[in-house]
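First comes the structure, then the notes that go with it.
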Amino acid sequence: MTELLKISLPDGSVREMEPGATPYDVAAAIGPGLAKAALAARVDGEVRDIGRPFDGDAQLALITAKDEEDALELVRHDFAHVLAEAVQALWPGTQITFGPATDDGFYYDVMAPESREPFGLEDLPVIEEKMREIIKADKPLVREVWSRDDLIAKWQAEGETFKAEWAKELPEGEDLTVYWSGEPGSEGAWLDMCRGPHLASTGKLDPQAFKLMRTAGAYWRGDQKNAQLTRIYGTAWLNKKQLKAHLHRLEEAQLRDHRKLGREMDLFHLQEEAHGSVFWHPKGYRIWRELEAYMRRKMDGSGYREIKTPQVMDARQWEQSGHWGKYRENMFVIPDEVPNTEDEGDIVSKDAEWMALKPMNCPAHVLVFKQGITSYRDLPIRLGEMGCCHRNEPHGALHGLMRVRQFTQDDAHIFCTEEQVVEEVQAFITLADSVYRDFGFDYKIKLALRPEQRFGSDADWDKAEQELRDALTANGLEWEELPGEGAFYAPKLEWHLTDAIGRTWQVGTIQSDRVLPDRLDATYIGEDGEKHRPVMLHRAIFGSYERFIGILIEHFAGRLPVWLAPTQAVVAPIVSDVDGYASNVLAKLEAAGIRASSDLRNEKINYKIREHSLAKVPHLLIVGKREEEEGTVAIRTLGEKDQKVLPLDEAIAMLTDAASAPDLKA
RNA sequence: GCUGCUGUAGCUCAGUGGUAGAGCGCACCCUUGGUAAGGGUGAGGCCGAGAGUUCAAUUCUCUCCAGCAGCACCA
């Protein structure tokens, strides 16, 4: 009599199954609906094929489309295999290599047969059609374990040199898993070497839920010494609706692109000679100044004191802070000597002393903290700085305002005692929340835990991570934990904003750091008269002005809230006879503190309305003879069809109210 | 930094082995028009930088730079 397997389910129940049973059998035993919906299984925490028998007693969680993250990864990986199968079916002789899931889909690297050109855009529709055929054929995906040598022999026999090379590098004697698409060995069955897991059959994929997007060159194993392959990218989702939403999001994102809007709205520009650094135009810098004024009010009102620290410091200082060792590849270093101005010889001597532009403000803030002697009675000390930092970012990472090499943070460092950490973090969580609310953003909080490479003792890390959890719990918030994602000196809380089209952006952060105060020997005098180490909280809410403005532009599609709009109102006369009245209206608006201009050009009113609407001016004040006679203005608000005719005084009161910053509203 | 693509007027783009074109914008003229483009005329370009092939290169080749998309990395 064989012993039954004990399979524990997430609800705590235990099911007894015959040996050889699979997760599918469990699903079927629970109900036919679940059996149909189950895509794969999490067995003792590991994602596995739904049809793979249990090894013994196990914890089981069935994965369905509702477990979106797992489901998407599985589905995308399967699409990658279907892609490879389709390409080989269409062009026999194509070599396959490798094809993983990506953030929004999948890709597969293939080598076109010698008889044809590398695959290009024009091939994609044909491949898509073939993929749909394979999906509709509902071919079972069958896992088998092969010996390494058998597999190498197979790949060599089929001329799959890349696969053979790969298999050879895996440990000798090891068994490898392969997946058949179709009954093993049957006509039309296709085989790939793959760790898995996979869905039960190709028919589990939605043939309407993917789209091949583009091709790109890629070298075998990412090394340009190797053969050049074609990488075919696709996007893939659980169903057609998700795919459509994704494609729509891409289109929307293009319309909202802050680089395009920034140019059209004359906010800023970028150019080669200073790539990665922003030239702010008057209108763009107006947004910046409004944000800065807003943030200063917030910080002044929350016990912060603003400082300004040097842009360039000696390398010795960066050595001591640890940046020279851990962060130098991201820093701009500067020789500390008079450059040679002769035509002959090097500009800088070989034994030059080095300085560096600051990539972060924290060391300088510790230096300010260290001036004089600090008593525990003085803590917490919150030092803020609109700190301009330079980071030598990889060129490929640069992206408009979102990723630049010179940026300004709304930075601050809170120096406090061990006992004060949780309440300071709590206060920051509240402050950050009030800011994001003022801009209308929803957000998610993530807790990034200790990375492999780190400074400091495990005991300190335990403590630091727990403090952040305690603060979140005390504020009644939910969060997601990201193991291994913390900074090398501290765990961090991250605020991820969700914008109007569902994208997320990391902006704010707070990190509790015991390393830097130690390295730079920061101390305070405690109640006991002895020296103690303060804890240092690094924190920012906007993150950087550059990125935050980029996010705002995209979130609002350029239609910034009135208080941030560079031009809040334009006065447009219909006929030149009322230019004088228009100028009077403008003067009154300006006197009321509204950022306004007038458009006295010799153009028709339709033309002016179109132009200023496209420029996203929130209010147009249109005046003709009627308005002049009555002392009124016709207000047209951006995004609304109707206009309101108001007496000038009322109009100004209305605009003033609309233009007040959210923290200053009554 | 890696891979692919791109670089022509302020912007969006067409084009050619014999040094260039459109639309929008801009300037000027006509038009004074009531809620998203009135008409005409004109100015404007070292065709990203360097090298090579060629009688001749913006066009072909190579190198570099920058941009774009992805990857890796991040505020």
Side-chain angles (χ1 to χ4, degrees), chain A residues 100 102-105 107 109 118 120-121 213-224 226 228-233 235 250 254 257 259-260 263-264 266 269-276 327 329-330 359-361 387 389 391-411 448 485 487 492 494-495 505-509 538-548 550-551 572-579 600-615 620-627 634-636 638 640-643 645:
Chain A
T102 62
D103 281 352
D104 64 5
Y107 67 80
D109 287 348
L121 276 180
M213 303 297 281
R214 75 183 79 81
T215 60
Y219 292 114
W220 169 235
R221 307 184 138 203
D223 189 333
Q224 48 185 321
N226 293 336
Q228 181 146 29
L229 311 168
T230 306
R231 176 168 297 177
I232 302 174
Y233 281 103
T235 184
L250 291 181
Q254 229 170 18
D257 191 318
R259 294 165 300 185
K260 176 171 166 279
R263 193 165 45 237
E264 287 172 6
D266 192 21
H269 85 270
L270 298 155
Q271 65 181 62
E272 291 194 22
E273 289 75 6
H275 68 288
Y327 206 72
E329 63 175 3
N330 284 301
M360 299 181 191
N361 305 301
C389 296
R391 293 186 190 170
N392 201 343
E393 300 286 354
H395 291 195
L398 300 178
H399 180 90
L401 297 178
M402 302 303 191
R403 193 73 180 276
V404 291
R405 305 214 291 183
Q406 176 193 309
F407 57 94
T408 301
Q409 297 176 311
D410 61 319
D411 203 5
E485 301 274 311
K492 55 182 178 180
E494 301 171 351
W495 275 256
W505 303 94
Q506 200 218 303
V507 287
T509 181
H538 306 242
R539 42 111 295 159
I541 298 177
F542 290 157
S544 88
Y545 282 88
E546 283 80 356
R547 172 182 276 190
F548 198 72
I551 294 168
I574 294 167
V575 291
S576 51
D577 289 352
V578 298
D579 283 359
L600 307 183
R601 290 176 305 171
N602 173 17
E603 295 291 352
K604 289 197 170 174
I605 196 62
N606 282 353
Y607 183 91
K608 294 181 185 179
I609 288 169
R610 176 179 158 81
E611 190 167 287
H612 299 298
S613 298
L614 288 174
L620 298 185
L621 275 57
I622 296 173
V623 294
K625 288 183 177 154
R626 207 153 60 221
E627 285 74 16
I635 301 184
R636 192 186 157 110
L638 187 62
E640 290 174 23
K641 282 259 158 66
D642 297 335
Q643 56 164 346
V645 179

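Order of the sequence lines fixes the chain letters, A, B, ..., with proteins taken first and strands second; residue numbering starts at 1 for each chain.
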Between protein and nucleotides 7-14 of chain B, map the contacts as a letter string: B base, S sugar-phosphate only, - none, heavy atoms under 4.0 Å, written 5' to 3'. ----SS--

Report which part of the nucleic acid A:Lys625 touches: base, sugar-phosphate, or nothing (heavy-atom distance under 4.0 Å, all strands). base

Between B:A66, B:A37, B:G34, which one does the side chain of A:Arg610 approach most closely? B:A37

Going by the salt bridge (charged side-chain N to carboxylate O under 4.0 Å, His left out) test, which pairs reach into residues 600-610 of chain A, not counting sequence neighbours? A:Asp599-A:Arg601, A:Arg601-A:Glu611

Measuring only the C1' atom in each nucleotide, how far is B:U53 from B:U58? A whole number of Å is fine. 16 Å

Say you pick atom P in B:G15 and the same atom in B:A22; how far apart are they, in whole Å? 15 Å

If a pair means Watson-Crick or G-U wobble with both distances below 3.5 Å, what does RNA chain B look like in dot-bracket form, with | marking bases paired to a different strand? (((((((..((((....[..)))).(((((.......))))).....(((((..]....))))))))))))....

How does protein reach along nucleotides 69-75 of chain B, written 5' to 3' as B (base within reach of a heavy atom under 4.0 Å), S (only sugar-phosphate), or - (no contact)? SSBBBBB

Distance check, C1' atoms only: B:G10 and B:G44, in whole angstrom units. 10 Å

By the 4.0 Å heavy-atom rule, please label A:His275 as base, sugar-phosphate, or nothing. sugar-phosphate

Could you work out the separation of B:A49 and B:U41 based on their C1' atoms and round it to a whole Å? 37 Å

Could you please name the option among B:G34, B:A37, B:G38 that lies closest to any side-chain atom of A:Glu603? B:G38

Qualifying residues under salt bridge (charged side-chain N to carboxylate O under 4.0 Å, His left out), relative to A:Arg403, sequence neighbours excluded: A:Glu393

Rounded to the nearest angstrom, tell me the gap between atom NZ in A:Lys608 and atom C1' in B:G38. 14 Å

Are the side chain of A:Asp411 and the backbone N or O of A:Gly387 linked by a donor-acceptor pair below 3.5 Å? no

Distance in angstrom units between A:Lys604 NZ and B:G38 C1', rounded: 4 Å

Heavy atoms under 4.0 Å, any strand shown: does A:Leu614 hit a base, just sugar-phosphate, or nothing? base

More than 12 heavy atoms of other residues, nucleotides or ligands under 6.0 Å from CD of A:Glu273: is that the case? yes

Expressed as a whole number of angstroms, how long is the span from A:Asn606:CG to B:U32:C1'? 14 Å

Would you say B:G34 has OP1 or OP2 under 4.0 Å from some side-chain N or O of A:Tyr607? no

What's the gap between B:G7 and B:G48 when it is taken at their C1' atoms, as a whole Å value? 6 Å

Separation of B:G34 C1' from A:Ile605 CD1 (nearest whole Å): 7 Å

Got a sec: does the CD of A:Glu329 have more than 12 other heavy atoms crowding it under 6.0 Å? no

What residues, two or more places apart in sequence or in another chain, satisfy side chain to side chain contact (heavy atoms under 4.5 Å, CB included) together with A:Val623? A:Val571, A:Pro573, A:Val578, A:Tyr581, A:Ala582, A:Glu627, A:Val633

Nucleotide B:U35, atom C1' - distance to CD of A:Glu640 in whole Å: 14 Å

Rounded to whole Å, the NE2-C1' distance (A:His395 to B:G67) equals 13 Å

For atom CG of A:Leu600 and atom C1' of B:U32, their distance in whole Å: 13 Å

Scan A:Ala634 against the nucleic acid and name what it touches under 4.0 Å (heavy atoms): base, sugar-phosphate only, or nothing. base

Distance, P atom - from B:C62 to B:G67, rounded to whole angstrom: 22 Å

Between B:A14 and B:A9, how far is it from one P atom to the other, in whole Å? 12 Å

